[in-house]
Amino acid sequence: QVQLVESGGGLVQAGGSLRLSCAASGQIFNIKAMGWYRQAPGKQRELVAIMPSGGSTNYADSVKGRLTISRDNAKNTVTLQMNSLKPEDTAVYYCNAVISKSGSIYNNYWGQGTQVTVSS
């Protein structure tokens, strides 16, 4: 059983900052990638940032220069430092991880989501 636990969501005014954290636990053989997605009301879930193991970090164009993803591989954690937040950043943010329990078989895992609300 693999579980992703998120923290750090909340309310902040425009221009402010938040830091989201996510820790993966359970039966983990290897983590191929960890990242963050978000879903605003009436919209599809979209990629915010993803950090593959041994690969290049990818950001959504709308968050480049404002949001920064980082990983601590030893602790199986991923964080999202959110600066210069805008009201359009308001969404439920989901932690995502691509994890193998054994061998080379990987599965997607999701956190339960944490609400980020940015007021103007």
Side-chain angles (χ1 to χ4, degrees):
Q1 181 79 356
V2 174
Q3 185 176 12
L4 303 181
V5 180
E6 301 154 319
S7 63
L11 282 70
V12 65
Q13 64 183 10
S17 299
L18 285 174
R19 179 177 291 178
L20 307 183
S21 298
C22 174
S25 62
Q27 187 178 353
I28 300 173
F29 179 76
N30 191 35
I31 299 179
K32 191 175 184 179
M34 297 190 77
W36 293 91
Y37 290 71
R38 68 185 181 187
Q39 187 168 19
K43 293 186 176 181
Q44 297 288 326
R45 186 174 299 185
E46 65 175 353
L47 172 71
V48 177
I50 187 166
M51 196 170 192
S53 299
S56 299
T57 301
N58 296 317
Y59 291 94
D61 289 339
S62 60
V63 307
K64 289 181 179 178
R66 300 187 299 112
L67 277 60
T68 303
I69 189 172
S70 61
R71 284 178 61 184
D72 187 333
N73 295 327
K75 297 181 179 179
N76 294 330
T77 60
V78 62
T79 64
L80 185 68
Q81 179 64 49
M82 310 170 71
N83 298 326
S84 302
L85 285 166
K86 304 175 180 180
E88 49 263 44
D89 293 317
T90 296
V92 177
Y93 284 71
Y94 296 91
C95 178
N96 170 259
V98 183
I99 298 172
S100 68
K101 295 182 178 181
S102 64
S104 60
I105 301 175
Y106 289 85
N107 292 295
N108 262 311
Y109 296 90
W110 296 91
Q112 64 182 6
T114 183
Q115 177 70 48
V116 172
T117 302
V118 184
S119 62
S120 60

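The analysis underlying the following values was restricted to heavy atoms, covering all of them including side chains, and did not include hydrogens, waters or symmetry mates.
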CD-CD distance between Gln39 and Glu46, expressed to the nearest 0.5 angstrom
9.5 Å
Examine the side chains of Ser70 and Thr79 and answer whether a donor and an acceptor come within less than 3.5 Å of each other.
yes
Heavy-atom nearest pair, Gly113 first then Val92, reads CA-CG1, 3.9 Å
Quick one: do Cys95 and Trp110 satisfy side chain to side chain contact (heavy atoms under 4.5 Å, CB included)? Show the steps, please.
CA-CA 6 Å; Cys95 178; Trp110 296 91; over 6 Å; no
If you round to the nearest 0.5 Å, how far is OH of Tyr93 from CG of Leu80?
7.5 Å
Side chain to side chain donor-acceptor pair (under 3.5 Å) partners of Gln27, counting only residues at least two apart:
none
Examine distances only and state if a side-chain atom of Glu6 and a backbone atom of Gln112 form a donor-acceptor pair shorter than 3.5 Å.
yes
Start with the C-alpha gap between Ser53 and Arg71, add the side-chain angles, then the distance that decides, and say whether side chain to side chain contact (heavy atoms under 4.5 Å, CB included) holds.
CA-CA 9 Å; Ser53 299; Arg71 284 178 61 184; 3.0 Å; yes
One should read off an interatomic distance between Leu67 CG and Leu85 CG, to the nearest 0.5 angstrom, of 6.5 Å
What pairs of donor and acceptor atoms, side-chain ones from residues 101-109 against any protein atom, are under 3.5 angstrom apart with sequence neighbours left out?
unit_1 : atom_1 : unit_2 : atom_2 : d
Tyr106 : OH     : Asn30  : ND2    : 2.9
Asn108 : OD1    : Asn96  : ND2    : 3.0

Counting heavy atoms not belonging to Gln13, are there more than 12 under 6.0 Å from its CD?
no
Could you verify whether a donor N or O on one side chain and an acceptor N or O on the other, from Gln115 and Thr117, lie under 3.5 Å apart?
yes
Under the side chain to side chain donor-acceptor pair (under 3.5 Å) test, which residues partner Asp89, sequence neighbours left out?
Arg38, Arg66
Same cluster or not: Ile50 versus Leu4, using hydrophobic residues (I, L, V, M, F, W, Y) connected whenever any side-chain heavy atoms lie under 4.5 Å apart?
no
Do Asn76 and Ile31 pass the side chain to side chain contact (heavy atoms under 4.5 Å, CB included) test, and can you show the C-alpha distance, the side-chain angles, and the key distance before you say yes or no?
CA-CA 8 Å; Asn76 294 330; Ile31 299 179; 3.4 Å; yes
Does Ile69 belong to the same Ile/Leu/Val/Met/Phe/Trp/Tyr cluster as Val98, with side-chain heavy atoms less than 4.5 Å apart forming each link?
no
Restricting to non-hydrogen atoms, name the atom on Ser120 and the atom on Ala14 that form the minimum distance, rounded to 0.1 Å.
CA-CB, 4.2 Å
Do Val118 and Leu18 land in one hydrophobic cluster if side-chain heavy atoms of ILVMFWY residues count as linked below 4.5 Å?
yes
Grouping I, L, V, M, F, W and Y whenever their side-chain heavy atoms are under 4.5 Å apart, do Val78 and Tyr37 come out in a common cluster?
no
Heavy-atom closest contact (Gly9 atom, Leu20 atom, distance):
N-CD2, 3.5 Å
With rounding to the nearest 0.5 Å, note down the distance linking CD in Gln1 to OG in Ser25.
9.0 Å
For Ala49 and Tyr59, which heavy atoms make the closest approach, and how far apart are they?
CB-CD2, 3.5 Å
How many angstroms lie between atom CE of Met51 and atom OG1 of Thr68, to the nearest 0.5 angstrom?
10.0 Å
Any idea which heavy atoms bring Ala40 and Ala91 closest together, and the distance?
N-CB, 3.8 Å
Quick one, Ser100 with Lys32, criterion side chain to side chain contact (heavy atoms under 4.5 Å, CB included). Give me CA distance, side-chain angles, the key distance, then yes/no.
CA-CA 8 Å; Ser100 68; Lys32 191 175 184 179; over 6 Å; no
Taking Tyr94 as the starting point, is it possible to reach Val116 by hopping between hydrophobic residues whose side chains are less than 4.5 Å apart?
no
